[in-house]
Amino acid sequence: MAEPKTNELMEKIVSLGKRRGFIFQSSEIYGGLNGFWDYGPLGAELKRNVKDAWWSTMIRLRDDVVGLEATIIMHPQIWKASGHVDTFSDPMCDCLLTRKRFRADQVDPQSGNAYNFTGARDTVSGGEMNEPYSVLLPAGKPPESARKTAMAYYALRGVTQPELLGERVEAVVDSQRYNPENGSLLTEPRPFNLMFKTYVGPVADEDNVAYLRPETAQAIFAQFKNVADTCRQKVPFGIGQIGKAFRNEVTPRNYIFRSREFEQMELEFFIKPDEAIEVLSGTVANVSAEAWKGEPQADWGWEVWHKYWVEQRVRFYEAIGLPRTAFEEYWQKPEELAHYARACVDLLYKFPFGTQELEGIAARSDFDLTQHETHSGKAMGVFDEELRAAWGKLDEARKASLRANYVAAKTAAGLKKGATEAEAAKQAEALATIFFEKLAKGQYLPHVIEPSAGVDRLILALLCHAYSEVTTTDEKGKSETRVILRFHPRIAPIKVGIFPLLKNKPELVKKAMAVRDLLRPHMAIYYDDGGAIGRRYARQDEAGTPFGLTIDFDTLGEKPELLDTVTLRHRDTGAQERVAIADLLGRLLPLIR
RNA sequence: GCGGGUGUAGCUCAAUGGUAGAGCGCUAGUCUUCCAAACUAGUUACGAGGGUUCGAUUCCCUUCACCCGCUCCA
């Protein structure tokens, strides 16, 4: 439930965002454009700092990750291979029972008796659920099976022992509203053309349709071989990218949280398949050993790597001022996982409007590289000399057991997708043959761990987290509320405000400008000589500037022992200290980097 | 996409069928020796389009944007 208070907070943040030039509505003078936002001067600095922090942490400070900057428009085949074209382009309905998705116009028309229910009562708790539901029963089938389906539907939504309410039977002819496989009602058809479409070249016809990328990840997969061949990295290694992505969301909402043009910071970290780890290391490290808290090891399989990256990402957020406690980790349940994922953790931030995803860290297996290998016809695998040698030394029993495990896993996956046991087993055997033939030669498709963060969401989280109000009451009993944005110095848009104590004393102004010129090449500064000093402090507090420097008469030598020192004021405490101008860079730089 | 609400200055709000005020902010000046001081001057608005009307910011319609709830978010 959105309490008025949280809504109020969001309104204050939106208002501050505009007032101080963090975030503006796109095209505001023309009435704005739903789902598009611009960053003003302070927002642009903040965003740049956040991206720089990510780029530095994830790429520059690591030996095992390299960068990429790919185009926004790519070959349309990429989106075929990734599955985006199919799932993103037509009106779709979902089965309310199995969540299976259908193209609305391709559902086989069904006729029979529709059993409509108005809801269900929980015979255990006594609670009632008033969601209508309907099941279509082909002529001649016993009504009991419709009720069974309906009970399953309500059970799925938390009614443990449902008693159906308001049953009403109605004849239906040629309806496309029901799942032909189980009779369950489908959701309303919804447009799924979530990709922005455009045309490459001057002629707008269907032969040159292209899409603005709905995620940055696919570019990394598509360029995987080029990067791997040129960057002198060996698996495990990662490719990181920051860039714009576009989704024609049905409902952009919550300020910049879900917008149609947004920016992602994504890492695709490529690792060896667990089978290769077993061949090379004899065993795959156990997650419960908590090794993932330390430095990467050669015997890490995908589960440890996955945990490792979750931990790394949390540490990143801590380093820019979002404490661990501000997050919830949500481990997606197996049935919630997207088709490509083996596991996925959402890092949720407690926004005023609800606890929502800031970053997803998915274990994508070798799904994407396999897809691109299939669709492009280009080999995406890598070759590992050590792996080939290690395989050669393996005894036959070990090889057989590796294969048996692989077949068992693939069979289980096949069954999950709805294949029959025989089909699944046959497919698994075929896959195993290909996989192990390659493995024996030291070849494999890397698997992937994908930490994928939304920049704009993060900006919003940082704004929410930094926002605070301080109310002071003066001697006259007049109270006043001031806003302070408590940004971590590393990401604060302006690092230091520089103020001559008085504006009408040329010596002070001159000295202040000298300090400004000293610091300016090294950090974002703001020089301000307008109004009283307190006002200038307050203005910088509201902008989130962590430090203020005041040049006063002591700086000029009024007290000789204080010559060439300035007041350093700390935003969060208001505390002041005296620092020599010569020491400023040495003091400030470590705090902002 | 559906339902409800809102839209007046940079921000927060007011008034009005006869074109609008305040507070804060912002700019300039005077002044000011460390936390939004004071004074003076200045600055800026009826989301857009159409209709009714002698006249619309006000009433009506459409549209756009934002907020809330549902929905959606592979």
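Letters go in sequence order (proteins before strands), and every chain restarts at 1. All values below were derived from every heavy atom in this structure, side-chain atoms included, with hydrogens, water molecules and symmetry-related copies excluded.
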Distance between [atom1] atoms of [N] and [M] (Å, rounded):
N	M	atom1	result
B:C39	B:U32	C1'	12 Å
B:A15	B:G21	C1'	7 Å
B:U57	B:G3	P	29 Å
B:U71	B:U53	C1'	42 Å
B:C61	B:G4	P	13 Å
B:C13	B:C2	C1'	32 Å
B:U44	B:A20	P	14 Å
B:A36	B:C11	C1'	15 Å

In whole angstroms, how far is the [atom2] atom of [N] from the [atom1] atom of [X]?
X	N	atom1	atom2	value
A:R19	B:A45	CZ	P	20 Å
A:R535	B:C34	CZ	C1'	15 Å
A:E469	B:U12	CD	P	14 Å
A:M10	B:C11	CE	C1'	17 Å
A:R20	B:G25	CZ	C1'	10 Å
A:L502	B:G29	CG	P	15 Å
A:H570	B:C34	NE2	C1'	14 Å
A:K12	B:C11	NZ	C1'	13 Å

What I want to check is whether an N or O donor and acceptor connect the side chain of [X] with the base of [N] at under 3.5 Å.
X	N	value
A:Q576	B:C34	yes
A:S15	B:C11	no
A:R536	B:C34	no
A:Y537	B:C34	yes

Subject >> A:Y349 and A:F351 aromatic centres sub-6.0 Å >> reply: yes
Original post:
A:H570 and A:F547: aromatic ring centres closer than 6.0 Å?
Top reply: yes
Original post:
Hey, is A:E542 close enough to A:R482 for a salt bridge, meaning N to O under 4.0 Å?
Top reply: no
Can [X] and [Y] be counted as having a side-chain donor-acceptor contact under 3.5 angstrom?
X	Y	result
A:R342	A:S365	no
A:T216	A:E266	yes
A:Y133	A:T149	no

Kindly say if [X] contacts the phosphate of [N], meaning a side-chain N or O under 4.0 Å from OP1 or OP2.
X	N	result
A:K503	B:G29	yes
A:R571	B:C35	no
A:N504	B:U32	yes
A:R539	B:C26	yes

Original post:
If you write RNA chain B from 5' to 3' in dot-bracket form, with Watson-Crick or G-U pairs under 3.5 Å, [ ] for crossing pairs and | for pairs with another strand, what do you get?
Top reply: (((((((..((((....[..))))((((((.......))))))...(((((..]....))))))))))))....
**OP:** Check every strand shown and say whether A:E215 touches a base, only sugar-phosphate, or nothing at a heavy-atom separation below 4.0 Å.
**Re:** base
**OP:** Check every strand shown and say whether A:Q25 touches a base, only sugar-phosphate, or nothing at a heavy-atom separation below 4.0 Å.
**Re:** sugar-phosphate
Go through [options] for me and flag the one nearest to the [X] side chain.
X	options	value
A:R482	B:C35, B:C34, B:C67	B:C35
A:E480	B:A37, B:A36, B:C68	B:A36
A:R253	B:U33, B:A36, B:C67	B:C67
A:R247	B:U33, B:C35, B:A74	B:A74

**OP:** With salt bridge (charged side-chain N to carboxylate O under 4.0 Å, His left out) as the test, would you mind laying out the steps for A:D552 and A:R578 before giving the verdict?
**Re:** CA-CA 11 Å; A:D552 60 16; A:R578 206 71 201 178; 2.9 Å; yes
Subject >> Most 5' of A:V483 and A:K18 on RNA chain B, judged by nearest nucleotide >> reply: A:K18
**OP:** Identify, between A:E542 and A:Y30, the residue whose nearest nucleotide on RNA chain B lies closer to the 5' end.
**Re:** A:E542
Original post:
Quick check: does any side chain N or O of A:R486 sit under 3.5 Å from a backbone N or O of A:H465, one acting as donor and the other as acceptor?
Top reply: no
Original post:
Say you draw a straight line from OG1 of A:T374 to CE of A:M380; how long is it, rounded to the nearest 0.5 Å?
Top reply: 10.5 Å
Original post:
Near RNA chain B, under 4.0 Å by heavy atom, which residues of residues 31-42 of chain A?
Top reply: A:G31, A:G32, A:L33, A:N34, A:G35
Original post:
Is the A:F246 ring parallel, tilted or perpendicular to the A:F196 ring (thresholds 30°, 60°)?
Top reply: perpendicular
Original post:
Going by the angle between their ring planes, with limits at 30° and 60°, are A:W37 and A:Y255 parallel, tilted or perpendicular?
Top reply: perpendicular
Subject >> Distance under 6.0 Å and angle within 45° of ring axis: A:R253 vs A:F257 >> reply: no
